[in-house]
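Scroll down for the structure; my scribbles are underneath it.
Numbered from 1 within each chain, the chains take letters A, B, ... in sequence-line order.
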There are 2 protein chains.
Amino acid sequence: MKASLVTIEPNGHSCSDCAVREFAVCSSLDAVELRELEHLGRRVHFTAGQIVFSEEDITTSFYNVLDGVMRLYKLLSDGRRQIVGFALPGDFLGMNISGRHNFSADAIGAVRVCQFAKTPFGRFIEDRPHLLRRINELAIRELSQARDHMVLLGRRSADEKVAAFLLGWRERLLSLGMASDTVPLPMSRQDIADYLGLTIETVSRTFTKLERLGVIEIIQGGIGLLDTARAEALAAA
Amino acid sequence: MKASLVTIEPNGHSCSDCAVREFAVCSSLDAVELRELEHLGRRVHFTAGQIVFSEEDITTSFYNVLDGVMRLYKLLSDGRRQIVGFALPGDFLGMNISGRHNFSADAIGAVRVCQFAKTPFGRFIEDRPHLLRRINELAIRELSQARDHMVLLGRRSADEKVAAFLLGWRERLLSLGMASDTVPLPMSRQDIADYLGLTIETVSRTFTKLERLGVIEIIQGGIGLLDTARAEALAAA
DNA sequence: CGCCAAAATTGATCTGTGTCAACTGTCTTC
DNA sequence: GAAGACAGTTGACACAGATCAATTTTGGCG
């Protein structure tokens, strides 16, 4: 939640050797289209805590996460917060129907995004149904994840929530080649609590409990997963 | 959860005078396309409790709800249930990426749907980007609702959950012209509990409490909304 | 390095909601 | 219209997780 002084990458960039090329929206585009897209997007840097966009803001851009992790959250008027997701490289943000964002997004640590102004990007999609199909695919995948998360929030115990979160987070990082049995957790305990519908104390206690049980090992900036099978059993998957 | 004996409407039907024509996926189609679509869909009836599809089933169809209310839910292995939504006329079901449904759906009372076989409907979409855009729009709207529901499940008290549910349900029915200050509740208390991440007892007690407070009046098959402002305050909207 | 602020952990206690159980009301069927 | 089954309500009590309050650990910075 710092003042908003973002950095725009000065020189050109090329989509063709972009790290997320293969699994982001862009995966649906051919070399020629990619070249065109290059002119529409600009790379923008955010530092830890910077807000990328806020709920209820008029949507002006789409964002393609290139690097880093973002917190996606909604606030109640009295300050209660629910984190509705974490965005990782390859995630596409900014879709909506009301013309306004329906959640806020800020950076956990340094984040690099590819930002597209809404109107030109909208035009670009216009006559490229395969891109639209790709965007739809991403939306449907998110919807499926959202429903899984509803089950977690509504019907799981604190132990199950934490175990399921650690396994799910690890799985996501694995698919990006960013984890092994040591799982980095760039977000704070408070973030985890707000994602799981718990308090920070309960999250902390549950971590300690899982460590006592020999399921995980708490390390700097993350955990070591010692007993995956046991963790899966606890998650009631 | 009855045996599966669905009824298929015998004679032809016409999309042009369909009740959901204006707000379902079909709203994106012109008269000619509508005529074509007519041949792809068949109307199917379900009676109370009949399962329309189950989680993990291979997707074979898309469904357009014409009439009635459906329960959309996910089960945990030990029987805990989370209702992820209620489908009403105009809702479009069957989108997924894995080729399998990611939740189950059954009928609350009598339901009529327009069913489209996956492959031909997929082909129909193929060269109709405006239909794809419409489907995307519906997916994004659902995603937004899903996120709102996450906030409710993760961060709201029982009172807030129930109040927010009643107001939200009323709002949806209003937009379909199916409610006024008396709000029909076709689903059971257990369904409401499983939707809100509560127990049936807590839901029942909260209804009674709201009635004592003069906010609602409990009637057969629904409630009367007596004090909307108060309900909104309780929902912490 | 030493100081400060923030994050995380731990303990003690409280409470909202779940659990268990009894009861009531309503609908169905013969 | 009696009997059974099921849905809903109500009460008493239990407990998972919240709250309140220290304390410890970590990280940033002069």
Side-chain angles (χ1 to χ4, degrees), chain A residues 1-2 47-49 71 76 78-83 108-110 152-166 184-213 216-223 234 236, chain B residues 1-2 47-49 71 76 78-82 108-109 152-166 184-213 216-223 234 236:
Chain A
M1 305 207 186
K2 286 180 189 170
T47 58
R71 223 181 261 131
L76 294 181
D78 62 0
R80 281 176 287 178
R81 183 178 69 159
Q82 176 67 44
I83 291 186
I108 300 180
L152 178 143
L153 289 171
R155 286 296 178 228
R156 293 175 117 106
S157 70
D159 288 4
E160 291 170 346
K161 284 176 175 182
V162 171
F165 164 69
L166 292 175
L185 295 174
M187 71 290 285
S188 70
R189 294 287 191 269
Q190 185 64 63
D191 290 338
I192 298 174
D194 287 347
Y195 182 58
L196 300 178
L198 297 171
T199 59
I200 184 174
E201 293 94 331
T202 300
V203 170
S204 185
R205 274 187 256 270
T206 308
F207 269 66
T208 310
K209 181 176 169 184
L210 291 177
E211 187 170 47
R212 268 204 319 273
L213 290 171
I216 65 168
E217 177 189 21
I218 300 171
I219 58 176
Q220 257 327 54
I223 58 126
L234 282 165
Chain B
M1 303 209 189
K2 286 180 190 171
T47 59
R71 225 181 260 130
L76 294 180
D78 62 0
R80 280 176 287 179
R81 184 178 68 157
Q82 175 67 43
I108 301 180
L152 178 143
L153 290 170
R155 286 293 176 233
R156 292 175 119 107
S157 70
D159 289 2
E160 291 169 346
K161 283 177 175 181
V162 171
F165 165 69
L166 292 175
L185 296 174
M187 71 291 286
S188 70
R189 294 286 190 270
Q190 185 63 64
D191 290 339
I192 298 174
D194 287 347
Y195 182 59
L196 300 179
L198 298 171
T199 60
I200 184 174
E201 292 94 333
T202 300
V203 170
S204 185
R205 274 187 257 269
T206 308
F207 269 66
T208 309
K209 180 175 169 185
L210 291 177
E211 188 170 45
R212 268 204 319 273
L213 290 171
I216 65 168
E217 177 188 19
I218 300 170
I219 59 176
Q220 257 327 48
I223 57 126
L234 283 165

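- By the 4.5 Å heavy-atom criterion applied to side chains, L234(B) and L210(B) are counted as neighbours.
- If you measure from atom CG of L185(A) to atom C1' of dA8(C), you get 13 Å, rounded to the nearest angstrom.
- Following rounding to the nearest Å, R189(B) (CZ) and dT24(C) (P) show an atom-to-atom distance of 19 Å.
- With rounding to whole Å, I223(A) atom CD1 is found 15 Å from dA8(C) atom P.
- Rounded to whole Å, the distance from CD1 on I192(A) to C1' on dG17(D) is 17 Å.
- The nearest whole Å value for the distance from the CG atom in L152(B) to the P atom in dT17(C) is 12 Å.
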For this session: Take R189(B) and F207(B) through the side-chain contact (heavy atoms from CB on, under 4.5 Å) test and state the conclusion after the steps.
Result: CA-CA 10 Å; R189(B) 294 286 190 270; F207(B) 269 66; 3.9 Å; yes

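- One distance of note links CG of L185(B) with CD1 of I192(B); it measures 5.0 Å at 0.5 Å rounding.
- R212(A) has its CZ atom 8 Å from the P atom of dT10(C), to the nearest Å.
- Nucleic acid contact for G197(A): sugar-phosphate only, since backbone atoms but no base atoms lie under 4.0 Å from a heavy atom of the residue.
- Computed from coordinates, the I218(B) CD1 to dT24(C) P distance equals 18 Å when rounded to whole Å.
- In this structure, K161(A) atom NZ and dA16(D) atom P are separated by 14 Å, rounded to whole Å.
- Comparing G221(A) and S157(A) against DNA chain D, the residue whose closest nucleotide sits nearer the 5' end is S157(A).
- The phosphate of dT25(D) (OP1 or OP2) has no side-chain N or O of Q220(A) nearer than 4.0 angstrom.
- Of the residues in residues 198-210 of chain A, those with a non-hydrogen atom less than 4.0 angstrom from any atom of DNA chain C are E201(A), S204(A), R205(A), T208(A).
- Residue I216(B) comes nearest to L166(B) through the heavy atom pair CG2-CD1, 4.2 Å, listed as atom of the first residue, atom of the second, then distance.
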Check residues 152-165 of chain A and write down every donor-acceptor pair under 3.5 Å in which the side-chain atom is one partner and the other belongs to a residue at least two apart or another chain.
unit_1: R155(A); atom_1: NE; unit_2: R81(B); atom_2: O; d: 2.9
unit_1: R155(A); atom_1: NH1; unit_2: L198(B); atom_2: O; d: 3.3
unit_1: R155(A); atom_1: NH2; unit_2: A193(B); atom_2: O; d: 3.2
unit_1: R155(A); atom_1: NH2; unit_2: D194(B); atom_2: OD1; d: 2.8
unit_1: R155(A); atom_1: NH2; unit_2: L198(B); atom_2: O; d: 2.7
unit_1: R156(A); atom_1: NE; unit_2: A235(A); atom_2: O; d: 3.4
unit_1: R156(A); atom_1: NH2; unit_2: A235(A); atom_2: O; d: 2.6
unit_1: R156(A); atom_1: NH2; unit_2: A236(A); atom_2: O; d: 3.0
unit_1: S157(A); atom_1: OG; unit_2: E160(A); atom_2: N; d: 3.3
unit_1: D159(A); atom_1: OD2; unit_2: K209(A); atom_2: NZ; d: 2.5
unit_1: E160(A); atom_1: OE1; unit_2: S157(A); atom_2: N; d: 3.0
unit_1: E160(A); atom_1: OE1; unit_2: R80(B); atom_2: NH1; d: 2.9
unit_1: E160(A); atom_1: OE1; unit_2: R80(B); atom_2: NH2; d: 3.4
unit_1: E160(A); atom_1: OE2; unit_2: R80(B); atom_2: NH2; d: 2.9
unit_1: K161(A); atom_1: NZ; unit_2: L196(A); atom_2: O; d: 2.9

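- Side-chain atoms of Q82(B) come within 3.5 Å of backbone N or O of Y195(B) as a donor-acceptor pair.
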